[in-house]
Amino acid sequence: MQRQLTRRFGELSAAQQARLAAATPAQLETWGDRVLDAASLDEVFGDTRH
């Protein structure tokens with residue numbers, strides 16, 4: 001996921017990397033779907049309560 005996000009949006013901040021590291025499998029699945037259509041990292045990491 002980190003590689004895909006970096007390729008699409010550029011380097012991730014330390015906070016974004018930490019968020020990925022702490023993500024649940026459900027969050028990663030949601031973000032993985034969103035990365036295909038999102039225009040920004042904010043759109044990828046939008047509200048995902050799992």
Side-chain angles (χ1 to χ4, degrees):
M1 168 79 359
Q2 183 171 340
R3 182 176 171 206
Q4 291 171 332
L5 291 170
T6 300
R7 287 190 64 173
R8 178 94 193 259
F9 302 109
E11 285 299 313
L12 304 180
S13 70
Q16 291 163 334
Q17 290 176 27
R19 192 166 182 188
L20 282 173
T24 66
Q27 285 173 315
L28 292 173
E29 184 176 318
T30 297
W31 297 340
D33 289 341
R34 289 180 182 174
V35 75
L36 299 173
D37 299 316
S40 69
L41 281 169
D42 287 338
E43 287 184 25
V44 174
F45 288 125
D47 186 39
T48 54
R49 293 183 184 132
H50 293 285

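All figures in this text were calculated on a predicted structure; none of them were measured in a lab.
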Heavy-atom side-chain proximity of L5 to W31 below 4.5 angstrom | no
Heavy-atom nearest pair, Q4 first then V35, reads OE1-CG1, 4.4 Å
Which of these passes side chain to side chain contact (heavy atoms under 4.5 Å, CB included) with F45: Q27, R34, R19?
-> R19
Are the side chain of Q16 and the backbone N or O of L12 linked by a donor-acceptor pair below 3.5 Å?
-> no
Quick one: CZ on R8 to CZ on R3, what's the gap to the nearest 0.5 Å?
-> 15.5 Å
Greater than 12 external heavy atoms within 6.0 Å of E29's CD | no
